[in-house]
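The figures here come from the full heavy-atom set of this structure, side chains too, leaving out hydrogens, waters and symmetry mates. All residue numbers in this chain count up from 1 along the given sequence.
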Amino acid sequence: MTAVPHVPTDWLVELVNGYGSRPRAAAARTDEPYPGLGCLADLPEASALGEGQLIGVADRLWPLFASAGPPERTAVINDLLVRSRLTPYLDHEARTCWSTSLNAPDKLVTAGCVTTLMEVVAQGGWRRLGTCEGEDCLDAHLALPGRSRRYCSTTCLNRARIRSYRARRR
């Protein structure tokens, strides 16, 4: 069994938005270069991945953010859990950790992302996951615990406000 790497939530969202086919197409970023690995560049499993594998991981995770409601999201995360072949265990400090029988780097990173999202949902519910409501954006986002969120960034929020203002002025 292989230990599943910890994946920070910020990096996970950056992965989905930077490499996901749907978010890149919606924002007309398909011709732009892909971003670097950022904080996971030191993680051997992530640094071993090529662009195609990162795109695959992002495309497997994006539906979890974009699904309409809890039943669909539950089905998506349960499918990811089964495909990741995750097994929980306790470490010497009684923390819950995860292992998998899979060894491929893309499968390990996917498993790490799934365990991170499972923790996010367990702590804050499904409403923390979403996609941007901006007109030309499908980026994923995570709301802070106890707060709601409609846009992925201040930029998308400001664009929506400007569009609304201009529509009212006509």
Side-chain angles (χ1 to χ4, degrees), residues 2-30 32-67 70 73-74 76-77 80-81 83-84 86 88 91 95-100 102 104-134 136-160:
T2 305
V4 173
H6 171 73
V7 176
T9 55
D10 291 346
W11 184 86
L12 188 155
V13 172
E14 294 280 333
L15 170 73
V16 172
N17 294 337
Y19 287 88
S21 301
R22 302 274 306 271
R24 286 178 63 86
R29 294 187 316 243
T30 55
E32 292 180 13
Y34 289 96
L37 288 176
C39 64
L40 281 194
D42 295 332
L43 184 70
E45 295 86 358
S47 61
L49 299 179
E51 275 183 7
Q53 291 172 308
L54 288 165
I55 292 166
V57 172
D59 286 346
R60 282 191 290 279
L61 296 171
W62 185 80
L64 189 55
F65 291 90
S67 296
R73 288 181 174 162
T74 302
V76 172
I77 201 164
L80 289 168
L81 285 166
R83 290 175 185 262
S84 296
L86 291 167
D91 69 4
R95 293 179 298 206
T96 302
C97 299
W98 296 92
S99 65
T100 181
L102 303 174
D106 62 322
K107 304 296 184 198
L108 288 172
V109 171
T110 300
C113 291
V114 169
T115 58
T116 296
L117 288 169
M118 200 168 52
E119 290 172 13
V120 166
V121 170
Q123 293 172 359
W126 293 112
R127 66 185 176 280
R128 289 199 56 201
L129 305 179
T131 53
C132 185
E133 292 182 20
D136 55 353
C137 186
L138 288 175
D139 280 1
H141 62 74
L142 286 174
L144 296 172
R147 302 188 69 191
S148 64
R149 188 169 176 180
R150 294 178 50 202
Y151 299 97
C152 66
S153 66
T154 306
T155 303
C156 280
L157 173 62
N158 288 340
R159 285 181 188 151

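- When all heavy atoms of Met118 and Trp98 are compared, the pair lying nearest together is CE-CZ2, 3.2 Å.
- In terms of heavy-atom proximity, Leu102 sits nearest to Ser84 at CD1-O, 3.7 Å.
- In this structure, Thr116 contributes its side chain and Val7 its backbone to a donor-acceptor pair below 3.5 Å.
- For the atom pair CD of Gln53 and NZ of Lys107, the computed distance is 9.5 Å after rounding to the nearest 0.5 Å.
- Distance check, rounded to the nearest 0.5 Å: CG of Asp10 to CG of Leu142 gives 8.0 Å.
- Across Gly18 and Pro35, no two heavy atoms sit closer than the pair O-CD, 3.6 Å.
- A donor-acceptor pair under 3.5 Å is absent between the side-chain atoms of Arg24 and the main chain of Asn17, judged by distance alone.
- Thr115 contributes a side-chain N or O that, together with a main-chain N or O of Gly112, makes up a donor-acceptor pair within less than 3.5 Å.
- The backbone N or O of Ser21 lies less than 3.5 Å from a partner atom in the side chain of Asp59, making a donor-acceptor pair.
- The shortest side-chain heavy-atom distance between Phe65 and Val16 falls under the 4.5 Å cut-off.
- The backbone N or O of Ala143 lies less than 3.5 Å from no partner atom in the side chain of Arg127, so there is not a single donor-acceptor pair.
- Residues Arg73 and Leu129 form a side-chain contact, since some pair of their non-hydrogen atoms from C-beta on lies under 4.5 Å apart.
- Counting only distance, with no hydrogens or angles, the side chain of Arg83 and the backbone of Thr110 share no donor-acceptor pair below 3.5 Å.
- For Glu14, the CD atom sits in a loose shell: 12 or fewer heavy atoms of surrounding residues, nucleotides or ligands are nearer than 6.0 Å.
- Leu49 places none of its side-chain heavy atoms less than 4.5 Å from the side chain of Leu37.
- Of the possible polar contacts, none joining the Arg22 side chain to the Trp62 backbone as a donor-acceptor pair under 3.5 Å is found.
- When atom types are taken as modelled, the side chain of Arg150 and the backbone of Glu133 share no donor-acceptor pair closer than 3.5 angstrom.
- Nearest heavy-atom pair across Cys152 and Cys132 is N-SG, 3.4 Å.
- Nearest heavy atoms, Trp11 versus Cys113: CZ3-SG, 4.3 Å.
- Arg29 has its side chain within reach of Asp139: a pair of non-hydrogen atoms, C-beta onward, lies under 4.5 Å apart.
- Remark: the backbone N or O of Gln123 is not paired with any side-chain donor or acceptor of Arg128 at under 3.5 angstrom.
- Of all heavy-atom pairs spanning Val13 and Ala140, the tightest one is CG1-O, 3.5 Å.
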